[in-house]
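Down below is the structure, laid out as C-alpha cells.
Reminder, nothing fancy here: chain letters follow the sequence lines and each chain counts from 1. Atom set for the values below is all heavy atoms of this structure, side chains included, hydrogens, waters and symmetry mates excluded.
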Amino acid sequence: MSQLLSGLNPQQHEAVTLPLRQPSGEPQSALVLAGAGSGKTRVLTTRIAYLIQTGQVSPHGLMAVTFTNKAAREMLTRVSAMLPITTRGMWVGTFHGLCNRLLRAHHREAGLPPLFQIMDGQDQLAFIKRLLKSLHVDEEKFPPRQLQSFINGAKEQGLRACAVEAPDEHTRRMAELYAAYDEQCNKEGVVDFAELLLRTFELLSRDGLLAEHYRSRFAHILVDEFQDTNRLQYLWLKHLAGRQTPVFAVGDDDQSIYAFRGASAENMRDFERDYPGYRLIKLEQNYRSVGNILAAANAVIKHNRHRLGKNLWTADGEGEPLRLYQAATDGEEAQFVVDEVRALEREGVPCSEVAVLYRSNAQSRVLEHALFSAGIPYRVYGGLRFFERQEIKHALAYLRLVANPADDGALVRVINFPARGIGARTLEQLQDQAAAAGVSLWEAARRRSEARGQKPEGARKGVEGFVALIEAMRAATVGLPLPEVVQHVIEASGLLAHYRGEREGQERLENLNELVNAAGAFVQETEENDLAAFLAHAALEAGEHQAVSGEDALQLMTVHSAKGLEFHTVFVTGLEEGLFPHEQSLLTPGGVEEERRLMYVALTRARQRLYLSFAHSRLLHGQTRYNVPSRFLQEIPAELMKAVGGGAGAPRRAEPATAPSRGPFRPQGLFPPACGSEWHVGQSVLHPTFGRGVIVNYEGRGPDARVQVRFSDAGLKWLMLEYAKLAPA
DNA sequence: ATAGACATTCTTTTT
DNA sequence: GAATGTCTAT
C-alpha cells in the first residue's frame with residue numbers, strides 16, 4: 001500500500017485516496033482538473049488499484065470510461081502491473097465499446113437483432129447516399145455530408161428526429177430524412193456510432209429494472225478525458241451513476257479538442273450542479289516538460305478566454321530553447337526533419353522517442369517520402385487505418401452478409417466486386433423489387449434467382465451466382481473457428497484471386513492475410529469465436545492494427561492522435577496560417593480557440609526538445625500554396641526560441657528584402673506580400689461588385705497570382721489579382 | 001448492360 | 001491527389 005502511494009504529491013494523493021462517501025453518507029464525486037503531464041493516468045490507475053486493495057470496491061464493481069481504445073488498454077495494463085489480482089470483471093473501455101457490450105447483452109430489450117452491425121463514418125455516408133437515392137432526394141439540395149453531420153449532431157445531443165427543432169422548411173426536411181434514416185437502419189439491423197450511445201441511453205431510461213441492475217452493480221465510475229465528452233455521453237453517465245454511485249471525472253479544459261464533434265466543456269460546469277458536494281482537485285505540477293516548453297505552452301493558451309483557470313509549473317530546469325525552422329518548401333521542411341532525426345540518433349535518442357506531428361493527415365505524405373528515401377524507419381498512426389482499407393472493407397462486407405443478410409450496405413458493396421457482371425441497372429432493378437416487396441436487397445436477390453429456377457452449377461452467373469456464392473459461404477463456415485471463416489471467405493469470394501491478378505495488388509493481398517491473423521489474435525485475446533463480435537471490434541477499433549510494429553521507429557501522427565502521449569523530442573510541422581490554424585476553423589465560432597488548444601496539446605507532448613517548423617510554399621491537393629507563418633508562433637515569446645538550420649531556409653535569389661533571420665525569431669518580418677505587391681493575408685479590401693472583404697489566402701506569383709477573399713456579403717471567392725479590380729479598404 | 005477511360009469535385013481533426 | 005461520378009466503346 002505505502003508502495004502504491006509513495007511519490008505522489010499532495011494533490012495526487014488526495015485524488016487517489018478520496019473516500020467514496022461523504023461523511024453524510026452521500027456519494028463523494030470528484031472533478032479533477034489535470035493539466036498536461038500532471039500525472040493524470042497515474043492518478044486514475046493508482047486510484048483503481050488503491051480502491052481494490054483497500055477493499056472499498058471489487059473489480060466487478062468498477063467502470064472506467066476512456067476516450068480511445070489505446071487509453072483503455074494502457075489503463076488495464078498499468079492496473080494489472082500494480083495488483084496481483086486479475087482485472088477481469090472490470091468494465092474498462094470507450095463509451096462506444098461499453099455501449100456495444102451492453103447492447104449485445106440486451107439486444108432484445110433494445111429492439112436490435114442479435115447480430116446487429118456497426119457502421120463507421122464511411123459506411124454511414126454510403127448508407128445516406130443510398131437512402132437519398134432511393135427517396136429521389138436531390139443531393140445538391142441535401143448534401144450527404146451535411147445530412148450526416150445533422151444526424152450525428154442531433155444524436156449527440158440526445159435528440160431523435162421527432163424532437164429536433166425545425167425553425168425552417170429546410171431543417172424540417174432534414175429532420176424527415178433523419179427519421180427515414182433511422183427507419184432504414186432498423187430495417188437493416190445496423191447502427192452508427194452515435195446510435196450505440198443513444199440506444200443505450202434510451203434503453204436505460206425506459207427499462208428501470210435494467211438501469212437499477214447496473215446502478216447497483218457499479219460502485220464507482222471513473223471517466224478519463226472528461227472535457228471531450230458530449231452532451232449525450234454526459235447524460236448517459238449521469239443516468240448510469242444514478243444517485244448512489246460516485247463519479248470520478250478527470251479532464252483538462254485546455255485540451256478540449258473535439259468540440260467539432262459535439263464535445264462540450266460545459267459538462268465540466270454542469271458537473272458542479274449535478275454532483276452536489278463534489279470535490280474539485282487541481283493537478284498543476286507538470287512532470288513531463290522542461291521549463292521553456294511549458295512556458296511556451298502557457299503563453300499560447302493564455303490567449304484563450306473562457307478558461308477554467310490553471311497554471312502549469314515544473315520543478316525541472318528551463319532546458320534548451322525551442323528550435324524554430326523556416327523552410328522554403330514542404331520538401332525542405334521534411335528534409336530538415338530527416339537531418340535532425342539522424343543527428344538525434346547519433347546523440348542516442350531512440351527513434352521511437354521522437355514524434356513528428358502535423359495538423360492534418362494529408363501532410364504525412366511529403367514526410368513519409370523523405371523518410372523513406374532516407375531509410376529511416378517510421379510508423380504512421382491514423383490516416384488510412386487497417387480496417388478502413390478498401391480490400392479489408394470488402395472482406396468485412398462479405399462477412400457481414402454472412403452474419404446478417406439484411407445488411408443492404410454490405411450487399412451493395414460486394415455484389416459486383418470482384419466484377420461478376422452485375423451492373424448499375426441490375427442493382428436498380430433489385431432495389432425497386434426490394435422496395436416494392438418491403439424486403440431486404442438480399443431477399444430480393446434470392447427471390448429473383450429462385451424464380452429463374454435451378455440451373456446446373458456451371459451455368460449460374462450474375463445475381464444467381466452471387467446468391468449461390470453467399471449461401472455456399474454461409475453453409476461452409478458454420479461452426480468453423482473465426483480465422484478459418486475469414487480465410488474461407490476471402491478465398492471463396494474471389495478477392496484473393498482478384499488482387500493476385502492486379503499489378504499493385506501485393507500489399508492488398510498481405511492485408512487480407514493480415515485480416516486472418518487479426519481474427520486469430522481477436523479469438524486469443526477475447527476468447528470469443530463470434531463473428532458479430534469480431535465485426536464490432538473491426539468497426540470500433542479501426543486503427544492501431546498496423547502491419548509493422550514493435551521495431552524502433554519514428555512516430556508520425558496528427559496532433560489529435562498525439563493527445564495523451566509524450567516523447568523525448570517533438571516536431572510540430574506545418575505551422576502556417578490556413579493549415580494550423582486550419583482555414584476551416586476560421587469560419588466556425590470558437591474555431592480559433594479550439595485550434596489554439598490543439599497547439600497547446602502539440603507543444604506539451606515534448607519532454608526535452610521541441611522543434612517548430614513551417615514552409616513558405618506547400619504542395620497541397622495538387623496545387624502549390626503560399627502561406628504565412630502561423631499566428632501561434634507569434635504568441636510564443638521570442639526569447640524562448642532560436643532559429644536553426646541555415647537561417648531563412650533555402651537561399652532565395654535576388655530577394656534581399658527578406659532578411660535572413662538570426663537570433664530571436666520575429667515573425668512580424670516574415671509576412672511576405674503576395675507576388676511582391678501591396679497585398680497580404682489579413683488585409684481588408686474593397687471589390688466593385690462583391691463589396692468589402694478580407695484576404696484570407698493567396699497562391700501563385702506574377703500573372704497567375706490569385707487571392708482568396710472572404711467578403712462580408714458574397715462569401716468566399718478566389719480572384720485573379722490581374723483582373724479583379726481590388727482596392728485596399 | 002458493363003467495364004474501363006475520362007472528368008470533376010473536394011479536400012480537418014475521430015469513436 | 002484521391003475518390004467519386006460521367007461518358008464511351010465494347
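- Here the side chain of A/R365 is nearest to one of C/dG1, B/dT14, B/dA3, namely C/dG1.
- Here the separation of B/dT13 from C/dT4, taken at their P atoms, is 16 Å to the nearest Å.
- Taking atom C1' in both C/dG5 and B/dT12, one finds a spacing of 24 Å when rounded to whole Å.
- In this structure, the CD atom of A/E156 is 13 Å from the P atom of B/dT15, given to the nearest Å.
- Between the CD atom of A/Q122 and the P atom of C/dA3 there is a distance of 9 Å, rounded to whole Å.
- Between A/L598 and A/R359 the shortest side-chain heavy-atom distance falls below 4.5 Å.
- Across all strands, A/F95 comes closer than 4.0 Å to no nucleic acid atom at all (heavy-atom distances).
- Considering A/E566, A/E74, A/E225 as possible partners of A/K40, the one that fulfils the salt bridge (Lys or Arg N to Asp or Glu O under 4.0 Å) test is A/E225.
- The distance between atom CZ of A/F387 and atom P of B/dT14, rounded to the nearest whole Å, is 18 Å.
- Whole-Å rounding puts the A/E139 CD to B/dT9 P distance at 14 Å.
- Rounding to whole angstrom units, CG of residue A/L427 and P of B/dA1 are separated by 13 Å.
- In terms of the side chain to side chain donor-acceptor pair (under 3.5 Å) criterion, residue partners of A/N267 (sequence neighbours excluded) are, by chain and number, A/T229, A/R231.
- Of the candidate nucleotides B/dT15, B/dT14, C/dT4, B/dT14 has the atom nearest to the side chain of A/T558.
- A distance of 6.0 Å or more separates the ring centres of A/F372 and A/Y378.
- When atom types are taken as modelled, the side chain of A/E391 and the backbone of A/L512 share no donor-acceptor pair closer than 3.5 angstrom.
- Each of B/dT12, B/dT13, C/dT4 was ranked by its minimum atom distance to the side chain of A/Q584; first place goes to B/dT12.
- In this structure, the CG atom of A/N416 is 14 Å from the P atom of B/dA1, given to the nearest Å.
- Mapping A/L620 and A/T68 onto DNA chain B by nearest heavy atom places A/L620 closer to the 5' end of the strand.
- At whole-Å resolution of the value, CZ in A/R425 and P in B/dA3 are 15 Å apart.
- When each of A/T426 and A/S585 is assigned the nucleotide of DNA chain B bearing its nearest heavy atom, the one mapping closer to the 5' terminus is A/T426.
- Residue A/N361 is classed as a sugar-phosphate contact, given heavy-atom separations below 4.0 Å to backbone atoms only.
- Between the C1' atom of B/dT11 and the CG atom of A/L619 lies a distance of 14 Å, rounded to the nearest Å.
- Evaluation of atom-type donor-acceptor distances gives no pair under 3.5 Å for the side chain of A/H582 against the base of B/dT12.
- Taking the side chain of A/S561 as heavy atoms from C-beta on, and the options C/dG5, B/dT14, B/dT12, the nearest nucleotide is B/dT14.
- A close approach under 4.0 Å does not occur between any side-chain nitrogen or oxygen of A/N230 and OP1 or OP2 of B/dT15.
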